[in-house]
Amino acid sequence: MAIQTVGIVGAGQMGNGIAHVFALAGYDVLMNDVSEESLSKALVTIDRNIERQVTRGKVTAEAKAEAMARIKTSLTIADLGPCDLIIEAATEKESVKDAIFKALGPHLGADTILTSNTSSISITRLASRTDRPEKFMGFHFMNPVPVMQLVELIRGIATDQATWDSLHEVVARLGKTAASAEDFPAFIVNRILMPMINEAVYTLYEGVGSVKSIDESLKLGANHPMGPLELADFIGLDTCLAIMNVLHEGLADTKYRPCPLLTKYVEAGWLGRKTQRGFYDYRGDVPVPTR
Ligand code: NAD
């Protein structure tokens with residue numbers, strides 16, 4: 001089935017980036033959120049981010065105008081009924097996602113593909129509670145969506161081949177690259193990235209290095225564009241801890257034990273850039289290490 005109309009549930013940080021790339025690729029986009037403020041903020045953010053691409057000569061002003069005209073918003077989830085593809089990008093809470101799929105179900109056509117942008121929740125479990133586990137997949141975009149080349153496609157145990165193939169075609173039309181992953185905790189990127197970040201926090205916790213020496217070591221010694229602690233602040237320390245907990249519980253291996261220092265920062269509300277403090281303090285002109 002040709003996919004043309006895409007419904008996005010959740011217009012936050014990820015939802016607006018997903019709407020941005022789909023609209024530029026020529027899809028008709030309908031964004032849904034429970035918050036009117038999120039929807040209007042998303043439209044402003046998309047406009048600003050595409051404008052930046054126009055300034056850099058990557059997108060024409062005409063393509064921007066066409067893309068913006070393709071994005072519609074709605075506070076009513078039933079309005080997503082006629083969509084060919086649904087991408088759920090709402091808050092990372094299983095009960096929220098279950099309720100969204102349940103509310104959507106009766107309004108969808110038989111061929112509509114359901115996907116979730118979850119970073120950690122089992123695709124197979126989310127799928128099992130819908131009326132179409134064979135047409136359900138994980139569609140995991142990276143942050144910031146317009147910039148990052150990779151999309152992880154995650155196959156639930158019941159996902160059928162036609163659904164799998166359709167989503168690979170969608171990723172190609174977006175001009176992005178798909179990595180295929182089976183449905184195990186944290187998929188591929190976070191399964192590898194988060195233990196590295198957690199190990200960097202252990203290295204700090206045990207006094208092997210300071211924030212500065214750890215980040216510099218990985219930047220200059222392993223050619224990483226960002227140090228692991230700087231990256232953790234960018235992702236959000238609460239998100240890093242949540243993913244480590246999913247790995248620890250889901251794989252039952254002590255090697256995924258979250259570092260107590262990571263837990264301590266989250267308990268302090270020092271969640272990284274979004275709260276102005278994490279492994280660095282962002283309240284001044286330049287970030288200052290907090291340890
Ligand atoms: P966010 O907090 O920025 O946005 C979530 C949005 O969902 C909010 O606008 C909220 O109003 C909306 N929402 C909540 N309940 C809803 C409902 N019932 N119906 C419709 N909308 C609802 O969160 P985010 O960072 O955009 O994350 C969204 C999803 O993307 C999560 O599953 C997260 O794990 C995943 N993800 C996040 C990142 C990241 O780096 N932030 C990366 C990859 C995947």
Side-chain angles (χ1 to χ4, degrees), residues 7-22 29-46 49 73-81 83 86-105 107 114-123 125-126 129 136-154 171 176 178-179 181 183 185-194 197 226 230-247 271-275 278:
I8 299 170
V9 187
Q13 197 177 185
M14 295 305 289
N16 82 60
I18 295 168
H20 171 151
V21 298
F22 272 86
V29 173
L30 182 54
M31 256 194 309
N32 162 266
D33 203 290
V34 285
S35 147
E36 183 139 33
E37 195 196 340
S38 284
L39 288 174
S40 42
K41 258 172 75 183
L43 287 176
V44 171
T45 304
I46 297 168
N49 288 344
T73 61
S74 170
L75 285 164
T76 310
I77 199 148
D79 290 346
L80 271 58
C83 291
I86 303 286
I87 305 169
E88 174 281 311
T91 311
E92 185 75 342
K93 248 197 195 153
E94 195 156 341
S95 56
V96 169
K97 296 186 187 293
D98 278 341
I100 288 169
F101 291 123
K102 192 164 175 217
L104 267 171
H107 305 287
L114 286 180
T115 67
S116 174
N117 184 48
T118 178
S119 309
S120 60
I121 300 168
S122 161
I123 296 303
R125 201 164 62 233
L126 287 174
R129 301 189 193 116
F136 194 106
M137 278 180 54
F139 202 177
H140 188 217
F141 287 85
M142 309 290 128
N143 186 23
V145 182
V147 176
M148 301 299 277
Q149 182 61 27
L150 188 82
V151 183
E152 272 183 296
L153 291 180
I154 301 113
V171 174
K176 295 197 180 284
D183 180 30
F187 320 130
I188 296 175
V189 173
N190 285 326
R191 168 84 177 256
I192 298 169
L193 180 65
M194 283 303 156
I197 286 176
M226 281 172 112
E230 197 184 353
L231 179 58
D233 276 359
F234 180 73
I235 295 167
L237 304 191
D238 50 342
T239 304
C240 294
L241 179 61
I243 296 172
M244 283 313 297
N245 280 325
V246 165
L247 284 167
L271 307 181
R273 280 186 178 269
K274 61 185 166 190
T275 58

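Keep in mind the model is a prediction, meaning the values are calculated, not measured. Just follow the structure's listing: the first ligand is 1, and inside any ligand the first atom is 1.
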Task: Min side-chain heavy-atom separation M142-V151 under 4.5 Å - done: no
Open item on the list: I'd like to know if R129 and D98 make a salt bridge, using a cut-off of under 4.0 Å between side-chain N and carboxylate O.
Closed with: yes
Open item on the list: I want to know if ligand 1 touches N143 in the polar sense, i.e. an N/O pair below 3.5 angstrom.
Closed with: yes
- [ ] Name the closest protein heavy atom to atom 44 (C) of ligand 1, giving the residue it belongs to and the distance to 0.1 Å.
- [x] S119 OG, 3.2 Å
TODO: Taking only heavy atoms of G10 into account, list the atoms of ligand 1 that are under 4.0 Å away from them.
DONE: 7 (O), 21 (N)
Open item on the list: Any nitrogen or oxygen of E92 lying under 3.5 Å from a nitrogen or oxygen in ligand 1? Just yes or no.
Closed with: yes
- [ ] Check whether any side-chain heavy atom of T45 sits under 4.5 Å from a side-chain heavy atom of H20, and report yes or no.
- [x] no
TODO: State whether the shortest distance between N or O atoms of H140 and N or O atoms of ligand 1 falls below 3.5 angstrom.
DONE: no
Task: Distance-only donor-acceptor check, side chains E88 and N117, under 3.5 Å - done: no
- [ ] Would you indicate which of V34, N32, D33 comes nearest to atom 6 (C) of ligand 1 when only heavy atoms are counted?
- [x] D33
Task: Residue portion contacting ligand 1 (non-hydrogen atoms closer than 4.0 Å) for M142 - done: neither
- [ ] For the pair K274 (side chain) and I235 (backbone), establish whether a donor and an acceptor sit closer than 3.5 Å, ignoring hydrogens and angles.
- [x] no
Task: Which segment of S38 sits under 4.0 Å of ligand 1 when only heavy atoms are counted - done: side chain
Task: Whether over 12 other heavy atoms sit under 6.0 Å from Q149 CD - done: yes
TODO: Enumerate the atoms of ligand 1 whose separation from the nearest heavy atom of K97 is less than 4.0 angstrom.
DONE: 31 (C), 32 (O)
Task: For T118, the ligand 1 atoms whose distance to one of its heavy atoms is below 4.0 Å - done: 32 (O)
- [ ] Could you tell me the residue and atom name of the protein heavy atom closest to atom 4 (O) of ligand 1, and the distance to it rounded to 0.1 Å?
- [x] G12 CA, 3.3 Å
Open item on the list: Checking a contact table here: which protein heavy atom is nearest atom 15 (N) of ligand 1, and how many Å away?
Closed with: V96 CG1, 3.7 Å
Open item on the list: Can you tell me which portion of N117 lies within the under-4.0 Å heavy-atom range of ligand 1? Options are side chain, backbone, both, or neither.
Closed with: both
Open item on the list: Among all protein heavy atoms in this structure, tell me which lies nearest to atom 41 (N) of ligand 1, with the distance rounded to 0.1 Å.
Closed with: Q13 NE2, 3.4 Å
Open item on the list: Less than 4.0 Å from atom 32 (O) of ligand 1, is there any heavy atom belonging to the protein?
Closed with: yes
TODO: Any atoms of ligand 1 less than 4.0 Å from a non-hydrogen atom of V9? List them with their elements.
DONE: 19 (N), 20 (C)
TODO: Say whether, by atom type as modelled, one donor and one acceptor occur between the side chain of T118 and the main chain of I121 under 3.5 angstrom.
DONE: yes
Task: More than 12 heavy atoms of other groups within 6.0 Å of E36 CD - done: no
Task: Heavy-atom side-chain contact between F141 and M148 under 4.5 Å - done: no
Open item on the list: Checking a contact table here: which protein heavy atom is nearest atom 14 (C) of ligand 1, and how many Å away?
Closed with: T91 OG1, 3.1 Å
Open item on the list: Is there a polar contact, in the sense of an N or O pair closer than 3.5 Å, between M14 and ligand 1?
Closed with: yes
Task: Within reach of ligand 1, part of I100 (heavy-atom separation under 4.0 Å) - done: side chain
TODO: Considering only protein heavy atoms, determine whether one is less than 4.0 Å from atom 25 (O) of ligand 1.
DONE: yes
Open item on the list: What I'd like to find out is whether the side chain of T73 reaches to under 4.5 Å of the side chain of L30, using heavy atoms alone.
Closed with: no
Open item on the list: Main chain of F187, side chain of E152: is a donor-acceptor contact present, judged purely on distance under 3.5 Å?
Closed with: no
Open item on the list: Give the atom numbers and elements of ligand 1 that come within less than 4.0 Å of a heavy atom of A89.
Closed with: 28 (C), 29 (C)
TODO: Measure across L237 and G272 and return the closest heavy-atom pair with its distance rounded to 0.1 Å.
DONE: CG-N, 4.2 Å
TODO: Over all heavy atoms of both residues, which pair between S119 and E92 is shortest? Give the atoms and the distance, please.
DONE: N-OE2, 3.3 Å
Task: Nearest-neighbour protein heavy atom for atom 29 (C) of ligand 1, which is reported as residue plus atom name and distance - done: A90 O, 3.3 Å
